[in-house]
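In what follows, chains carry the letters A, B, and so on, assigned in the order in which the sequence lines appear, proteins first and then strands, with residues in each chain numbered from 1.
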Protein chains: 2
Amino acid sequence: MTNRGFDREVEARLSETAVRYTSGRRRVVGALAAADGPRSADELHRELGSTVPLSSIYRTLAVLQTANVVVPHFSAKGVTRYELAEWLMGHHHHLICIDCGVVEDIPIPQPLERQVRELVEVIGSRVAFKPVNHALEIEGTCGRCA
Amino acid sequence: MTNRGFDREVEARLSETAVRYTSGRRRVVGALAAADGPRSADELHRELGSTVPLSSIYRTLAVLQTANVVVPHFSAKGVTRYELAEWLMGHHHHLICIDCGVVEDIPIPQPLERQVRELVEVIGSRVAFKPVNHALEIEGTCGRCA
DNA sequence: ACCTATAATGAGAATGATTTTCATTATGGA
DNA sequence: TCCATAATGAAAATCATTCTCATTATAGGT
Ligand SMILES: [Mn+2]
Ligand SMILES: [Mn+2]
Ligand SMILES: [Zn+2]
Ligand SMILES: [Zn+2]
């Protein structure tokens, strides 16, 4: 819910590259930390009640992506959503509602995650390819649409 | 390579809904059948050597999606790529190059696919959610970028 | 083969998300 | 405090995609 911890870590990360952690940028990070899934610039703009102009949100997301603080997520036509990088959020997967399109984070129990990782390794070795990361996205119906 | 009878199946599918399978539409399906991964309207336009105007390709993809012949795939910023639906292509997963962004189909051995499906079921039950489909996308380096 | 109603096409205008520009403001260090 | 530089905000520009509308192609029915 709160983002105290993230704030400190992001602050440290940005200071490394001489990027200022301004109030507008803090607000964007805060909104992402409070979210239960990736958010688009427009969604953030609404959530922040226009305290940060849309063009600044776009620029902030670009800056944060360069600093490896956020990563883009593509699951809908025409919009890019962003979420905090794994070193902040922890590794997880997504539930994508086939009805309303919402994307929700799904924590995965350690043993299952290990299985997924093994599967990915096996699959990778079969096509002579070294997996760096993976994303398991489950499509179905979300709570509100059920 | 060549479209192994996809043409016939698509033809049948479209005739069910009184949608004409014109030469332009055939060319788009042919290009998708020949591809080893999802393709964007622009990529198809280039592959087809401008024999089909870009606006027609977009419209064709929309028509084919409505007819469940193609499905959209989102893995890059700002562009939607399309591939033949699973009932034509068979279920598979994707390898996404973190270097050049190319998306390649990866066939998955039956036993591994079964494991993935089970994992998805278990995960779904843990969050009170009925999985309808899943996508396992592996990020790494493609052959040309290796 | 000839009509006709309807579907499809193509070129360009319109749209919507995102990026860029540029003038102004805020910030950290000397 | 002053300055050099980074950040900001509003608006214009871009790029992928969709829409419009005049024209063309097609499937039936004759
Ligand atoms: Mn997430
Ligand atoms: Mn595919
Ligand atoms: Zn939903
Ligand atoms: Zn590559």
Side-chain angles (χ1 to χ4, degrees), chain A residues 10-32 38-67 69-83 101 103, chain B residues 10-32 38-67 69-83 101 103:
Chain A
V10 173
E11 187 166 41
R13 183 82 183 77
L14 293 185
S15 71
E16 288 173 20
T17 49
V19 174
R20 295 178 190 164
Y21 195 27
T22 62
S23 71
R25 290 172 180 176
R26 276 174 205 276
R27 264 172 260 172
V28 169
V29 169
L32 288 176
R39 293 286 182 270
S40 69
D42 190 64
E43 289 164 345
L44 292 170
H45 188 233
R46 262 177 273 137
E47 282 174 38
L48 293 175
S50 304
T51 58
V52 185
L54 188 55
S55 68
S56 294
I57 291 180
Y58 274 111
R59 208 171 10 204
T60 290
L61 290 170
V63 167
L64 293 177
Q65 182 177 352
T66 297
V69 169
V70 304
V71 292
H73 186 262
F74 314 111
S75 63
K77 180 168 222 163
V79 297
T80 301
R81 292 186 222 261
Y82 294 84
E83 61 184 352
V103 181
Chain B
V10 173
E11 188 166 41
R13 184 82 185 75
L14 293 184
S15 70
E16 288 173 19
T17 50
V19 174
R20 294 178 190 163
Y21 195 27
T22 62
S23 70
R25 289 173 180 175
R26 276 174 206 277
R27 264 173 258 171
V28 169
V29 169
L32 288 177
R39 293 287 182 270
S40 69
D42 189 64
E43 288 164 346
L44 292 170
H45 187 233
R46 261 177 274 138
E47 282 174 39
L48 293 175
S50 305
T51 57
V52 185
L54 187 55
S55 68
S56 295
I57 291 180
Y58 274 110
R59 207 170 13 203
T60 290
L61 290 170
V63 167
L64 294 177
Q65 182 177 353
T66 298
V69 169
V70 305
V71 293
H73 184 263
F74 314 110
S75 62
K77 180 168 223 164
V79 296
T80 301
R81 292 186 222 262
Y82 294 84
E83 61 184 350
V103 182

Protein-nucleic acid N or O pairs under 3.5 Å, nucleotides 28-30 of chain D:
none

Could you pull out all donor-acceptor pairs under 3.5 Å where a side-chain atom in residues 54-65 of chain B meets a protein atom, sequence neighbours excluded?
unit_1: B:Thr60; atom_1: OG1; unit_2: B:Ser56; atom_2: O; d: 2.9

DNA chain D-proximal residues of residues 38-52 of chain B, any heavy atom under 4.0 Å: none
Axial bend angle, the helix from C:dA1-D:dT30 to C:dA30-D:dT1: five-pair end segments, nearest 10°: 30°
Whole-Å distance separating the CG atom of A:Leu14 from the P atom of D:dA6: 15 Å
Below 4.0 Å: OP1/OP2 of D:dT8 and any side-chain N or O of A:Thr22: yes
Below 3.5 Å, can you tabulate the donor-acceptor pairs from side chains in residues 45-53 of chain A to any protein atom, sequence neighbours excluded?
unit_1: A:Arg46; atom_1: NE; unit_2: A:Asp42; atom_2: OD2; d: 3.3
unit_1: A:Arg46; atom_1: NH2; unit_2: A:Asp42; atom_2: OD2; d: 2.3
unit_1: A:Glu47; atom_1: OE2; unit_2: A:Arg39; atom_2: NE; d: 3.0
unit_1: A:Thr51; atom_1: OG1; unit_2: A:Arg27; atom_2: NH1; d: 3.3
unit_1: A:Thr51; atom_1: OG1; unit_2: A:Leu48; atom_2: O; d: 2.9

Exam field: side chain A:Arg25 to backbone A:Arg20, donor-acceptor pair closer than 3.5 Å: yes
For A:Glu83, salt bridge (charged side-chain N to carboxylate O under 4.0 Å, His left out) partners two or more places apart: none
All side chain to side chain contact (heavy atoms under 4.5 Å, CB included) counterparts of A:Thr80, not counting sequence neighbours: A:Pro72, A:Phe74, A:Tyr82, B:Lys77
DNA chain D-proximal residues of residues 74-81 of chain B, any heavy atom under 4.0 Å: B:Gly78, B:Val79, B:Thr80
Positional range of nucleotides in DNA chain C within the contact set of chain A, heavy-atom, under 4.0 Å: C:dA17 to C:dT27
Shortest non-hydrogen contact between A:Glu43 and A:Pro38, atoms and distance: OE1-O, 4.1 Å
Within residues 55-67 of chain B: residues closer than 4.0 Å to DNA chain C (heavy atoms): B:Ser55, B:Ser56, B:Arg59
Exercise: identify the closest heavy-atom pair between A:Ser40 and A:Arg81: N-CG, 3.6 Å
